[in-house]
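Down below is the structure, laid out as structure tokens.
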Protein chains: 2
Amino acid sequence: MLRASHIIYENATKNVSENKGGCPMVSIKDIASKAGVSISTVSRTLNHYADVNPRTRDKIFKIAKELNYFPNAVARSLVQKKTHTIGVFFGNKTNSGFDHPFFQDVISAVREVVGNAGYDLLVFTNKNKERATYTTLSKERSVDGIVLLLTGEGKKWDHQLTELQESGIPCTAIDVPLVGEKCGFVESDNFSGAKQAIEHLISLGHTTIAFIGGDEISKTSFDRLRGYQQALMDHKLGLDPTLVRLGYFIKEKAMEETRNLIETGKQITAFFAASDEMAMGVIEALTAIGLRVPEDVSVVGFDDIREAAYFRPALTTIRQNKYKLGSTAAEVLLKIIENTGPSSCPVVLPCELIVRESTAACSRRE
Amino acid sequence: MLRASHIIYENATKNVSENKGGCPMVSIKDIASKAGVSISTVSRTLNHYADVNPRTRDKIFKIAKELNYFPNAVARSLVQKKTHTIGVFFGNKTNSGFDHPFFQDVISAVREVVGNAGYDLLVFTNKNKERATYTTLSKERSVDGIVLLLTGEGKKWDHQLTELQESGIPCTAIDVPLVGEKCGFVESDNFSGAKQAIEHLISLGHTTIAFIGGDEISKTSFDRLRGYQQALMDHKLGLDPTLVRLGYFIKEKAMEETRNLIETGKQITAFFAASDEMAMGVIEALTAIGLRVPEDVSVVGFDDIREAAYFRPALTTIRQNKYKLGSTAAEVLLKIIENTGPSSCPVVLPCELIVRESTAACSRRE
DNA sequence: TTGTAGGCGTTATCAG
DNA sequence: CTGATAACGCCTACAA
């Protein structure tokens with residue numbers, strides 16, 4: 001049934017050594033001389049200018065095909081100042097950048113949209129560069145625009161982001177509130193999402209709900225906190241600041257804070273974590289202590305990463321539309337780059353409550 | 001606890017409109033005139049040539065810093081014929097490319113390694129280009145090397161891969177057996193991996209084991225089939241060709257073949273699927289029919305994607321070292337590019353059997 | 001130690 | 001319709 005047709009590759013290396021120098025790189029000059037015309041005629045022909053004699057046009061195209069010519073994008077970029085490239089910056093911390101499933105899904109959507117518009121993606125591997133910033137790296141590479149996929153990165157933000165906003169480089173960020181005429185900004189409705197999560201919990205009878213937040217600097221974290229607080233207030237449940245902890249989007253930190261929270265002795269019947277990974281940590285910590293989810297304690301996460309549905313108990317969570325987040329960011333960016341229409345920013349995408357197994361009616365009598 | 005410090009961004013857009021033209025782009029010419037020296041002196045200074053007067057050197061560096069100069073990578077690439085960029089090609093099919101968790105983990109490792117060596121990643125969004133091939137796109141962009149992250153893509157392979165192998169462009173592929181002096185090739189030991197899977201099943205008492213393979217063209221699929229067959233033969237269990245089906249790495253196809261297989265009426269007690277996603281499909285199909293996993297039927301997958309551990313039953317699978325796959329591919333590529341040492345290819349990485357819950361002792365008496 | 005000159009492959013602006 | 005010619009920003013002999 002299966003055939004070893006891959007074997008065809010094996011002897012395909014016959015005459016590799018011919019052009020050892022690397023790129024033979026046939027240029028318009030070559031095709032010009034072969035066609036007996038000038039360089040500029042070739043250029044105009046290849047760029048589909050109207051004013052060129054059909055006969056010479058055909059000849060040039062024919063020769064171009066024969067010589068297997070294709071334009072040198074680098075040279076073209078140099079003169080046109082357009083690289084057809086979108087730069088992408090990820091966070092540097094482990095598991096919060098290119099290696100995070102959430103951002104991977106987002107960037108995949110970005111790639112699709114910008115790809116259809118003729119752009120490739122340049123993923124910056126910003127390491128070992130001292131004075132380098134988003135702005136300098138982008139200019140250095142002459143990318144046409146950039147997408148920022150950052151998580152809480154610390155203080156250096158202010159500086160770099162301000163510089164970027166003032167740079168005039170078209171950019172869109174996800175979750176990071178960039179403003180400026182060349183800046184776009186897309187995010188989920190974190191406030192309402194968090195509110196939904198808490199309301200779900202409240203409707204289940206929970207009244208003592210802990211919150212494992214993200215960090216203290218990201219808007220994302222802040223909005224989710226606000227949503228948590230608002231829902232509590234709406235239902236006159238009162239805010240207990242000691243019930244709010246920071247997990248920095250790290251599972252282990254979330255586990256630690258969960259333990260701390262339980263040790264306070266408060267009768268917490270539900271946890272809301274600002275990310276699914278933290279929610280998993282909460283559940284793990286709870287289970288280790290001997291508490292059952294959802295029988296004893298309910299847990300809600302945020303994001304709806306792939307693992308959420310498979311985790312056990314399957315995670316009740318707030319789904320972010322990762323594809324839409326990425327595709328919208330890309331669309332907004334393209335609009336900015338190509339000066340098409342107004343930027344209608346920020347774009348705020350709705351979240352969706354996904355009820356699975358980690359939440360249940362509160363069992364504790366009040 | 002959380003502070004709204006993100007607010008600082010909001011008024012940061014004051015003097016954005018200054019350089020509306022886009023990039024002011026200070027060049028070495030600017031530095032030269034300001035320093036009262038020639039362009040080439042500036043160039044040599046900035047490139048740390050030894051033969052430059054300390055005084056003028058200092059002056060030039062000072063001015064460069066003042067003017068916030070940084071080199072134009074495009075211009076530099078044009079003359080140096082080196083872009084410090086690694087191109088990446090993914091498969092085009094949905095869920096088998098940039099959007100597949102397996103490749104995402106691999107590419108993340110690639111990024112890390114090449115990043116440390118000073119290269120950025122150019123993700124090709126090869127769409128709408130007619131005559132374009134890996135080779136032409138790579139030359140057009142003048143990337144220094146490329147990484148191929150492909151799945152069974154069909155016939156066009158032979159052509160493109162042969163062209164690439166002969167092109168002299170440094171490249172490494174994962175799972176695709178490229179050969180040639182500028183080609184690298186990294187894969188998991190699919191044969192032994194599959195063999196381990198079957199031996200695990202056999203040790204559990206299973207004798208009638210079905211195989212849901214990948215496609216008919218990839219070496220990966222072929223090797224896994226061979227491993228399956230070898231293990232069966234080693235244990236004198238005989239090969240039943242009707243027990244081998246193709247799922248093309250697609251969950252739905254795997255489900256379909258599972259149903260077909262069950263309908264044959266053969267007493268199949270175990271399935272080995274060539275990917276975790278297909279294994280999940282097998283389990284879903286089995287469950288839908290009313291068969292329990294692992295009580296009635298055991299299932300083994302391949303890859304160990306993130307979801308595998310969370311799936312229920314948690315998947316027994318053959319783990320591929322995704323990080324190592326990517327990092328090795330990157331290291332091999334860098335060696336080829338920089339002509340460091342021999343290429344010691346192909347690199348074959350060991351797989352590991354991960355026993356979880358989807359396999360159990362065979363319950364059916366023979 | 002420094003400047004001049006030529007070129008990388010294209011595009012763009014002119015005359016002819 | 002076509003062909004010089006000058007950029008683009010940078011590098012690198014070679015000459016001074």
Side-chain angles (χ1 to χ4, degrees), chain A residues 21-61 63-64 67-85 136 138-144, chain B residues 21-61 63-64 67-85 136 138-144:
Chain A
C23 303
M25 183 99 297
V26 17
S27 74
I28 52 172
K29 198 187 292 182
D30 299 316
I31 119 169
S33 70
K34 186 149 188 174
V37 296
S38 81
I39 248 182
S40 53
T41 303
V42 176
S43 178
R44 264 178 290 118
T45 307
L46 264 22
N47 288 327
H48 300 100
Y49 275 54
D51 59 347
V52 44
N53 185 311
R55 264 214 288 287
T56 62
R57 172 166 57 65
D58 292 346
K59 179 164 57 168
I60 287 175
F61 271 120
I63 295 179
L67 263 39
N68 191 28
Y69 167 85
F70 42 89
N72 179 325
V74 175
R76 182 187 299 209
S77 297
L78 183 60
V79 41
Q80 289 190 156
K81 273 144 180 19
K82 169 113 185 162
T83 53
H84 290 280
T85 305
T136 58
S138 299
K139 288 197 175 179
E140 194 168 327
R141 282 291 199 168
S142 308
V143 294
D144 298 330
Chain B
C23 303
M25 183 100 297
V26 16
S27 72
I28 52 173
K29 199 188 292 182
D30 300 314
I31 297 180
S33 68
K34 186 149 189 174
V37 298
S38 79
I39 274 184
S40 58
T41 304
V42 176
S43 177
R44 265 178 289 120
T45 306
L46 263 21
N47 288 329
H48 300 99
Y49 274 54
D51 59 347
V52 45
N53 186 312
R55 264 214 290 287
T56 63
R57 172 165 58 64
D58 292 345
K59 180 163 54 168
I60 287 175
F61 272 120
I63 294 180
L67 262 40
N68 191 28
Y69 167 86
F70 42 90
N72 179 325
V74 175
R76 178 181 292 189
S77 297
L78 183 60
V79 41
Q80 289 189 159
K81 274 145 180 19
K82 169 113 186 164
T83 53
H84 291 280
T85 306
T136 59
S138 299
K139 288 197 175 179
E140 195 168 326
R141 283 291 199 167
S142 309
V143 294
D144 298 330

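Order of the sequence lines sets the chain letters (A, B, ...), proteins ahead of strands, with each chain counted from 1.
In this structure, Val74(A) reaches neither bases nor backbone, as no heavy-atom distance under 4.0 Å exists between it and the strands shown. At the heavy-atom level, Val52(B) lies under 4.0 Å from the strands shown only through sugar-phosphate atoms. If you check every strand for non-hydrogen atoms under 4.0 Å, Thr56(A) touches sugar and phosphate atoms only. Contact annotation for Asp51(B): base contact, defined as any heavy-atom pair under 4.0 Å involving a base atom.
Contact between the side-chain N/O atoms of Ser38(A) and the OP1/OP2 oxygens of dA4(D) is not found at any separation under 4.0 Å. A close approach under 4.0 Å does occur between a side-chain nitrogen or oxygen of Arg76(B) and OP1 or OP2 of dC11(D). An OP1 or OP2 oxygen of dT2(C) is reached within less than 4.0 angstrom by no side-chain nitrogen or oxygen of Thr41(B). Contact check, Lys81(A) against dG9(D): a side-chain N or O comes under 4.0 Å of OP1 or OP2. The side chain of Ser27(A) places no N or O atom within less than 4.0 Å of a non-bridging phosphate oxygen (OP1 or OP2) of dG9(C).
The separation between Met25(A) atom CE and dC8(C) atom P is 12 Å, rounded to whole Å. Following rounding to the nearest Å, Ile28(A) (CD1) and dG3(D) (P) show an atom-to-atom distance of 13 Å. Between Asn72(B) atom CG and dG9(D) atom C1' there is a gap of 6 Å when expressed in whole angstrom units. Atom P of nucleotide dT1(C) and atom CG of Asp58(B) are separated by 13 Å, given to the nearest angstrom. Between Ile39(A) atom CD1 and dA4(D) atom P the separation is 10 Å, expressed in whole Å. Atoms NZ (Lys59(A)) and C1' (dC1(D)) sit 14 Å apart, rounded to a whole Å. Protein atom CG of Leu78(A) is 18 Å distant from nucleotide atom P of dA6(D), rounded to whole Å. Whole-Å rounding puts the Ile31(A) CD1 to dT10(C) C1' distance at 13 Å.
Checking dG9(D), dT4(C), dC8(C) against every side-chain atom of Lys29(A), the shortest atom distance belongs to dC8(C). Of the candidate nucleotides dA12(C), dT2(C), dC10(D), dA12(C) has the atom lying nearest to any side-chain atom of Gln80(A). The nucleotide whose nearest atom lies closest to any side-chain atom of Tyr49(B) is, among dG9(D), dT12(D), dA12(C), dT12(D). Each of dG3(D), dT11(C), dC8(D) was ranked by its minimum atom distance to the side chain of Arg44(A); first place goes to dG3(D). Side-chain atoms of Asn53(B) lie closest to dT2(C) of the nucleotides dG9(C), dT10(C), dT2(C).
Side-chain contact annotation: Thr85(B) with Arg141(A), donor-acceptor N/O pair under 3.5 Å present. Under the 3.5 Å distance criterion, with hydrogens and angles disregarded, a donor-acceptor pair is assigned to the side chains of Thr41(B) and Ser38(B).
Looking at heavy atoms from C-beta onward, Ser40(B) lies in side-chain contact with Arg44(B) at the 4.5 angstrom threshold. At least one side-chain heavy atom of Asn72(B) sits under 4.5 Å from a side-chain heavy atom of Ser142(A). In this structure, the side chains of Ile28(B) and Tyr69(B) come closer than 4.5 Å at one or more pairs of heavy atoms.
Between Thr45(B) and Phe61(B), the shortest heavy-atom distance links the atoms O-CZ, 3.7 Å.
Nearest-nucleotide positions on DNA chain C for Val79(B) and Gly36(B) put Gly36(B) closer to the 5' end.
Residue side chain Ser40(B) reaches the base of dT4(C) through a donor-acceptor N/O pair under 3.5 Å, judged by distance alone.
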